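Read through the structure below, which is laid out as structure tokens, and then see the notes.
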Amino acid sequence: MKSPEEIFKILKDKFGESIIELKSGVPVESYIVVDPMKIDEVCLFLKDEPELKFDNCMNLSGVDDANGKKEAQTDGSSVIIGGTLSVVYHLESVYLKHKLTLKVAAPRENPQVKSVANIWRSADWNEREAYDLYGINFMNHPDLRRILMPYDWEAGYPLRKDYKNPEFYQGMKVPY
Amino acid sequence: MLTETHKNITYTPVVKTEEMILNMGPQHPSTHGVLRLELQLEGEIITKVIPHIGYLHRCFEKHCEAMTYPQVIPYTDRMDYLASMGNELGYVVAVERLLNIQVPERVEYIRVIMAELQRIASHLVALGTYGADIGAMTPFLFCFRDREMILSLFEMTCGARLLYNYIWVGGLSHDLHPDFVRQTRDFCNYFKPKIKELNDLLTYNKIFIDRTAHVGILPLDTAINFGISGPMLRGSGMKWDLRKDDPYSVYHKFDFDIPVGEGKVGTVGDCWDRYYVRVLEMVESLKIIEQALDQLPEGDVMSAIPKRIKPPVGQIYTRIENPRGELGYFIISDGSVNPFRVKARAPSFVNLGVMDVLCRGHMVADIIAILGSVDIVLGEVDR
């Protein structure tokens with residue numbers, strides 16, 4: 001059983017620059033910020049290392065940080081420019097009974113994150129969901145398709161903070 | 001005498017087979033809702049299953065961002081509509097940990113009683129419909145008869161039978177009805193022999209065993225890698241229950257066992273094991289309810305409800321053991337009255353992801369048995 005501080009130290013020794021920082025405090029749950037292009041290597045290490053052994057990815061969720069510049073549009077809505085989209089990983093070791101939260105942040109204009117679906121298969125559908133609702137592109141994902149929204153949905157990514165309902169869907173007025 | 005034309009006919013003695021793609025659903029009685037399974041078949045054998053979900057998607061997470069914290073609770077009810085109490089409890093526990101408030105002892109006990117009653121009700125639906133899917137109609141009616149009594153207890157408590165909005169942040173919407181304790185005890189005494197009845201009727205029925213034993217075997221390492229939780233994981237032989245392994249509320253005060261699949265009539269981790277774990281869990285839930293009724297403290301259930309719910313900036317992931325598995329809520333607070341982000345980690349959503357592995361190599365008819373043993377609720381899968 002290891003605390004996030006100890007795990008942070010192990011990761012920092014192993015990966016150096018790719019491990020960006022450890023955020024801790026109450027009630028903030030501690031999380032480690034990782035480079036989105038190195039997250040797959042970090043996760044593979046976390047899973048295989050005998051003293052860490054994170055064999056279960058409990059949850060994987062996309063987050064719109066909404067930390068960019070807000071620009072008001074003429075119709076009253078606003079568009080966020082710049083800033084980041086994040087992915088938060090909640091890992092757990094079933095055998096060693098410790099938990100860890102990882103976070104990666106990718107630029108909003110071109111959100112690219114390495115996929116961990118080949119490490120934990122439970123991440124497969126969760127990554128598809130994050131892709132579907134936030135438009136985060138998971139590189140090397142085996143089957144990156146929309147999952148909850150219709151396959152022909154073209155009106156953007158619904159969970160982004162600046163999402164606007166489309167006027168028409170398939171020729172039907174929204175709201176009908 | 002062969003003519004010239006006949007001589008040119010070539011005969012190849014090979015039976016040509018072709019892969020067939022078959023759509024099961026979205027409107028199919030045994031998918032328990034609107035789920036479409038795209039089956040790739042080699043004759044009668046399944047080579048691949050691709051689940052298509054999202055028919056019930058109603059943007060739970062987007063709605064939450066426009067609601068205040070207490071307003072989210074009725075929305076959580078509608079995710080897993082067969083286990084609404086559990087959904088509320090998970091969300092409320094998450095918000096309370098974010099707020100760092102203590103709730104009165106009595107509230108915690110009532111929550112446990114409700115969650116366990118709900119677990120029995122939910123498992124009764126799971127087991128009853130599982131039998132009905134496979135062709136045994138009678139157990140379905142028996143199970144729904146008993147579930148009705150639990151729903152009456154809920155109705156007596158908060159006025160609603162299915163979607164309660166009963167568990168609030170810091171407390172409960174109503175105290176117990178004065179007659180609740182007596183009636184719940186009566187129910188426990190009534191229900192204990194009914195489990196034996198169910199076992200005689202369905203569990204050890206030869207046809208039922210033939211349909212479910214050795215079918216849809218889920219090995220333990222695959223289960224963990226797929227993030228499987230709840231009765232499915234325990235059916236694969238792992239003693240893992242968040243009520244013991246990551247305790248919340250007052251579960252540490254009760255004495256109960258964690259049933260696991262042992263391969264009693266088949267292989268460990270087959271459909272029958274997953275089914276039987278649910279049967280045994282109902283017995284354990286009854287134990288918890290009886291202990292909680294014995295120890296039920298007095299007090300006010302509304303005293304700790306905060307006037308304004310405005311958690312500090314932070315994030316939290318909390319999980320509870322719902323009837324279908326690990327129900328987690330990931331909440332980010334930006335310090336305002338609305339949650340910045342609510343993500344529900346729905347057990348059915350994750351458990352459904354393993355369908356392809358379970359079904360490969362089985363017959364088409366086995367899909368019904370496998371899907372029933374996964375026990376999904378589409379309201380939760382699609383959120």
Side-chain angles (χ1 to χ4, degrees), chain A residues 23 25-31 47 53-67 86 88-95 97 99-101 103 117-126 128-130 132-134 143 145-151 153 157-161 163 165, chain B residues 50-62 64-65 97-100 220-229 233 238 240 242 245-246 311-319 326 328-334 340-346 349-354 356-357 381-383:
Chain A
K23 289 211 173 161
V26 178
V28 185
E29 62 182 13
S30 314
Y31 59 87
K47 191 189 175 206
K53 230 176 170 173
F54 285 97
D55 45 17
N56 182 11
C57 180
M58 295 185 284
N59 186 22
L60 185 154
S61 41
V63 178
D64 184 355
D65 297 320
N67 50 4
S86 298
V88 182
Y89 304 78
H90 289 94
L91 311 179
E92 178 200 31
S93 172
V94 172
Y95 294 106
K97 310 233 166 178
K99 293 189 228 168
L100 180 69
T101 310
K103 189 170 186 175
N118 293 325
I119 301 168
W120 300 289
R121 292 295 304 277
S122 57
D124 182 345
W125 279 26
N126 280 319
R128 276 176 67 188
E129 190 189 317
D132 191 1
L133 303 177
Y134 284 100
D143 183 23
R145 287 178 290 131
R146 283 192 175 273
I147 185 164
L148 292 175
M149 303 297 286
Y151 292 130
W153 188 255
Y157 303 106
L159 274 183
R160 287 198 184 184
K161 294 277 179 188
Y163 169 77
N165 268 329
Chain B
I50 307 170
H52 294 271
I53 60 173
Y55 292 93
L56 278 180
H57 183 52
R58 53 213 185 277
C59 312
F60 162 71
E61 288 162 15
K62 188 76 178 173
C64 291
E65 291 172 10
R97 285 194 190 161
L98 204 54
L99 285 164
N100 197 17
L220 185 55
D221 52 346
T222 314
I224 293 171
N225 197 251
F226 270 89
I228 304 299
S229 51
L233 183 64
M238 178 141 178
W240 178 262
L242 296 174
D245 288 293
D246 193 359
V313 179
Q315 64 175 49
I316 194 156
Y317 177 75
T318 319
R319 53 201 187 141
E326 172 184 332
Y329 284 97
F330 175 50
I331 300 177
I332 301 182
S333 159
D334 60 351
F340 184 74
R341 166 89 168 109
V342 177
K343 152 99 186 175
R345 186 254 196 228
F349 178 79
V350 182
N351 290 356
L352 189 60
V354 82
D356 184 31
V357 178
V381 173
D382 297 337
R383 276 159 293 147

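Fair warning: this is a prediction, and the values are worked out from it, not measured in the lab. Chain letters run A, B, ... following the sequence lines, proteins first, then strands; residues in each count from 1.
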What part of [X] gets closer than 4.5 Å to chain A, counting heavy atoms only: side chain, backbone, both or neither?
X	value
Leu352(B)	both
Val357(B)	neither
Ile50(B)	side chain
Glu61(B)	both

Please flag which part of [X] lies under 4.5 Å from any non-hydrogen atom of chain B: side chain, backbone, both or neither.
X	answer
Asp132(A)	neither
Asp55(A)	both
Tyr95(A)	side chain
Arg146(A)	neither
Arg160(A)	backbone

- Query: For the candidates Val354(B), Leu56(B), Asn225(B), which exhibits the highest count of non-hydrogen atom pairs separated by less than 4.5 Å from chain A?
  - Reply: Asn225(B)
- Query: Who wins among Asp245(B), Ile224(B), Asp221(B) for the most heavy-atom pairs under 4.5 Å with chain A?
  - Reply: Ile224(B)
For the atom pair [atom1] ([X]) and [atom2] ([Y]), what is the distance rounded to the nearest 0.5 Å?
X	Y	atom1	atom2	result
Tyr163(A)	Lys62(B)	OH	NZ	8.0 Å
Asn59(A)	Tyr329(B)	CG	OH	12.0 Å
Asp382(B)	Leu148(A)	CG	CG	6.0 Å
Glu129(A)	Ile53(B)	CD	CD1	8.0 Å
Met58(A)	Glu326(B)	CE	CD	6.0 Å
Asp334(B)	Asp65(A)	CG	CG	11.5 Å

Heavy-atom pair with the smallest gap, counting every atom of [X] and [Y]:
X	Y	answer
Phe349(B)	Trp125(A)	O-CE3, 3.5 Å
Gly227(B)	Asn56(A)	CA-OD1, 3.6 Å
Lys343(B)	Leu60(A)	NZ-O, 3.6 Å

- Query: Got a donor-acceptor contact below 3.5 angstrom from the Arg341(B) side chain to the Gly62(A) backbone?
  - Reply: yes
- Any donor and acceptor pair, going by atom type alone, linking the side chain of Lys161(A) with main-chain N or O of Phe340(B) inside 3.5 Å? yes
- Can you tell which of Lys99(A), Glu92(A), Glu29(A) makes a side chain to side chain contact (heavy atoms under 4.5 Å, CB included) with Tyr317(B)? Glu29(A)
- Message: side-chain contact (heavy atoms from CB on, under 4.5 Å) for Met238(B) and Val94(A)? Distances and angles first, verdict last.
- Response: CA-CA 10 Å; Met238(B) 178 141 178; Val94(A) 172; 2.5 Å; yes
- Ranked by heavy-atom pairs below 4.5 Å to chain B, first place among Thr101(A), Val63(A), Asp143(A) goes to Val63(A)
- Test log, rule side-chain contact (heavy atoms from CB on, under 4.5 Å), inputs His57(B) and Leu133(A): CA-CA 12 Å; His57(B) 183 52; Leu133(A) 303 177; 4.2 Å; yes
- Query: Tell me, do Asn126(A) and Arg345(B) make a side-chain contact under 4.5 Å, heavy atoms counted?
  - Reply: no
